[in-house]
Amino acid sequence: MDEILQQILHELRDLKSDVSSLKSDVSSLKSDVSGLKSDVSSLKSDVSSLKAGQERIETKVDNLALELRSNFKFTNDKLEEHKSIFTVVSNEIKGIKGDIEFLSGKSGKHDTEINHIMNMLRG
C-alpha cells in the first residue's frame with residue numbers, strides 16, 4: 001500500500017510538474033499573443049497612415065490632371081490663335097510680294113524710258 005501511495009505521489013508530482021510546465025507554456029503563449037496584438041495594432045496604424053497618404057497622393061494627382069487639362073486647352077487655343085494670325089500675315093505677304101513684282105516691273109519700264117529720253121536729249 002505504501003508503494004501504491006508512493007506511486008500515486010510520484011504520479012501527482014509528475015502531473016504537478018506537467019501542469020506547472022503547461023502554466024509556463026500558457027504564460028509564454030499569452031506573452032506571445034500580447035506581442036502579436038501589439039504588432040497587429042502597429043500594422044493597423046501603419047496601414048491607416050498609408051491609406052491617408054494614398055488619398056493625399058490621389059487628390060494631388062487629380063488636381064494635377066485637372067491643371068494639365070486646363071493648360072493643354074489654353075495652349076491649344078493660343079496655338080489656333082497664332083495659326084490664324086500666321087495665315088493672315090502669310091496672305092498679306094503674298095499680296096505685298098505681288099505688288100513688289102508689279103512695281104519692280106514698272107520701275108524697270110520707267111528706267112528704260114528715262115534712259116531713252118536721256119539718250120534723245122544727249123544726242
Side-chain angles (χ1 to χ4, degrees):
M1 174 108 165
D2 250 356
E3 194 177 299
I4 293 175
L5 279 177
Q6 286 299 327
Q7 190 177 5
I8 290 173
L9 280 174
H10 182 66
E11 289 291 324
L12 282 175
R13 282 189 199 125
D14 285 345
L15 280 173
K16 188 176 182 182
S17 173
D18 290 344
V19 167
S20 177
S21 177
L22 282 174
K23 282 183 179 179
S24 173
D25 290 345
V26 166
S27 177
S28 176
L29 279 174
K30 283 182 180 179
S31 174
D32 290 346
V33 167
S34 176
L36 284 174
K37 283 182 180 179
S38 173
D39 290 345
V40 166
S41 177
S42 176
L43 282 173
K44 283 182 180 178
S45 174
D46 291 346
V47 167
S48 178
S49 295
L50 285 173
K51 283 182 181 178
Q54 181 183 359
E55 287 175 5
R56 283 193 309 273
I57 290 171
E58 286 175 354
T59 301
K60 287 180 180 180
V61 167
D62 289 344
N63 291 341
L64 179 62
L66 182 64
E67 185 177 342
L68 288 176
R69 276 194 301 265
S70 174
N71 286 340
F72 184 74
K73 182 178 178 346
F74 175 78
T75 303
N76 274 348
D77 291 345
K78 284 296 181 183
L79 180 63
E80 288 300 320
E81 184 180 317
H82 290 143
K83 244 186 198 178
S84 64
I85 290 171
F86 285 137
T87 301
V88 169
V89 170
S90 173
N91 291 338
E92 285 183 19
I93 289 174
K94 286 177 186 174
I96 291 172
K97 186 178 178 184
D99 292 344
I100 289 172
E101 288 175 2
F102 175 75
L103 292 174
S104 179
K106 287 273 194 185
S107 173
K109 183 178 178 188
H110 289 155
D111 284 346
T112 304
E113 288 176 359
I114 290 172
N115 189 26
H116 182 64
I117 291 172
M118 290 293 283
N119 284 335
M120 283 174 49
L121 287 176
R122 282 186 202 148

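For residues 59-86, every residue pair satisfying the salt bridge (charged side-chain N to carboxylate O under 4.0 Å, His left out) rule, not counting sequence neighbours, is listed here: K73-D77, K78-E81, E80-K83.
For the atom pair CG (N63) and CG (L68), the distance works out to 11.0 Å, reported to the nearest 0.5 Å. Here the NE2-CG distance, from H10 to L12, works out to 10.5 Å after rounding to the nearest 0.5 Å. Atom CD1 of I57 sits about 12.5 Å away from atom CG of L64, to the nearest 0.5 Å. In this structure, CG on L36 lies 10.0 Å from CG on L29, to the nearest 0.5 angstrom. How far OG1 of T75 is from NE2 of H82: 10.5 Å, rounded to the nearest 0.5 Å. How far CG of D99 is from CD of E92: 11.5 Å, rounded to the nearest 0.5 Å.
Remark: side-chain polar atoms of S34 are not paired, donor with acceptor, to backbone N or O of K30 under 3.5 angstrom. Not a single donor-acceptor pair under 3.5 Å links the side chain of S42 to the backbone N or O of S38.
Hydrophobic clustering (ILVMFWY, side-chain heavy atoms < 4.5 Å, transitive): I85 and I93 are in one cluster.
The environment of CD in E113 is crowded: more than 12 heavy-atom neighbours from other residues, nucleotides or ligands sit within 6.0 Å. Applying the 6.0 Å contact sphere to NE2 of H116 captures no more than 12 heavy atoms from other residues, nucleotides or ligands.
In the hydrophobic clustering (ILVMFWY side chains linked at under 4.5 Å, chained through shared members), I96 is joined by I100. As a member of the Ile/Leu/Val/Met/Phe/Trp/Tyr network built from side-chain separations under 4.5 Å, F102 groups with L103.
For E58 and Q54, the side-chain atoms include at least one donor-acceptor pair closer than 3.5 Å.
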